[in-house]
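One-based numbering, in listed order, for ligands and for the atoms of each.
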Amino acid sequence: MKPLEGITVLDFSQFLSGPSATLRLADLGADVIKVERPGGDIARTMYVSDCKIGNDSTLFHAINRNKAGISIDLKQPENLEKIKKLVKKADVAVFNFRPGVAEKLGLSYETLKEWNPRIIYGRIYGYGEKGPWRDMPGQDLLAQSLSGVTWLNGNAEDAPTPLGLSLADMFAGQHLVQGILAALVNREMTDEGVCISVDLMESILDIQFEMFTAYLNNGHKTPQRSRVNNANAYIGAPYGIYETKEGYLALAMGSIVVLGQLLGCKALESYEDPTEWATKRDEIKAILKDHLKSETADHWLEILEANDIWCAKVMNWDELFATEGFRALDMVQTIKRDGKPVFETTRCPITIDGKRYFCDKPAPEIGEDNDKYLN
Ligand SMILES: CC(C)(COP(=O)(O)OP(=O)(O)OC[C@H]1O[C@@H](n2cnc3c(N)ncnc32)[C@H](O)[C@@H]1OP(=O)(O)O)[C@@H](O)C(=O)NCCC(=O)NCCSC(=O)C(=O)O
């Protein structure tokens, strides 16, 4: 039995953030009913055009697998009765419209609570419930930019660089999952639901908390990116990615003196004082950068790994998927419909008592389950 079996989630969310939360609940056994507008979630057509499964984007399939789907025009007041019936039987409802939109549709927390006092109402906004950013479009690149995250990436002379994935969406989704799970536990004691609000901005701020703590308690000094191979503005040399004769090498923390000895780089051996690894970060990184170009990444890795230095090869996806290390994690699953493979994706990364959570149902067609849930 999966941990969330018996829990029903009504998912009014769209795009990435909300659906990524309900995806995790579905992975863990909840019955998720995705509620789409008549034309479908915009994520069905988002993404570059050659990344499709059937008519829909791979993004839509990846994030909506294992869900049932209904399609209903929520702007037609007579349809609200049908939704009310579903809410009465549901445990959780999830939204990620702009502030005020769910209320305009007649689906405020107060209304749902009146219909079902045990309902756990989860919502994701872009930038919180108040303040001048409240009504801005809640979008990942914008949140990464406002939050300071893009300012941490890239070398000092580069333009601020966003992370190449939807960091704010994904963290907002996972924070919502945490809130929902806590509310489910709390409901066992109180027999009442609660309203959980998370947003893209607070989520991406939250994941910077350890660096913010350094900033707030250290004279409000904005961290300076390294000019050479920046990877974390607060961590000294050698932390970074280095080009070699063939391939790139990631070096994390470690003694510069030991590195100098192992790599045969005499110039590094004079940096005996660990405080210099931070204060002379760029100088040390520049020496390493020149030195590491003389041999291949594999050559350096053999020496460093034998001495338990924290290092790794930098791989693209072709290289990653070909490794034994990746295959051993058993991450790829094939999603089937009626026993026939539809697409491949990765699985839920949570293992409980040795059990891994795969799923066997592709994302729904628009309105696929209308007969089951709306009649
Ligand atoms: C992503 C958004 C900017 C998109 O903005 P909008 O296109 O203006 O959509 P909204 O969500 O505000 O509103 C959707 C509109 O659709 C209507 N709507 C929604 N569902 C229905 C159904 N079933 N039937 C009829 N109408 C519907 C709803 O009433 C609104 O109508 P009107 O009121 O008449 O307009 C916003 O939703 C947002 O800020 N969300 C919060 C943050 C978030 O989760 N973002 C996900 C980004 S993912 C992403 O792609 C990324 O980050 O990258």
Legend entry - Atom-level proximity to ligand 1, residues with heavy atom under 4.0 Å: Gln14, Phe15, Leu16, Ser17, Glu36, Arg37, Met46, Ile72, Asp73, Leu74, Lys75, Asn96, Phe97, Arg98, Val101, Lys104, Leu105, Ile124, Tyr125, Gly126, Pro137, Gly138, Gln139, Asp140, Asp169
Legend entry - Between Glu283 and Tyr271: side-chain donor-acceptor atoms closer than 3.5 Å: yes
Inset, instruction - Measure from the side-chain N and O atoms of Asp338 to the backbone N and O of Lys340, and report whether any donor-acceptor pair falls under 3.5 Å. - result: no
Quick one: side chains of residues 89-98, donor-acceptor pairs under 3.5 Å with protein atoms, not counting sequence neighbours, listed by atom name and distance.
| residue | atom | partner | partner atom | Å |
| --- | --- | --- | --- | --- |
| Asp91 | OD1 | Arg187 | NH1 | 3.4 |
| Asp91 | OD1 | Arg187 | NH2 | 2.9 |
| Asp91 | OD2 | Thr8 | N | 2.8 |
| Asn96 | OD1 | Gln14 | N | 2.9 |
| Asn96 | ND2 | Gln14 | O | 2.9 |
| Asn96 | ND2 | Ser17 | OG | 3.1 |
| Arg98 | NH1 | Asp135 | O | 3.1 |

Legend entry - Trp151 CH2: over 12 foreign heavy atoms closer than 6.0 Å: no
Legend entry - Donor-acceptor contact below 3.5 Å, side chain Ser226 vs main chain Asn229: no
Legend entry - Between Thr161 and Asn153: side-chain donor-acceptor atoms closer than 3.5 Å: no
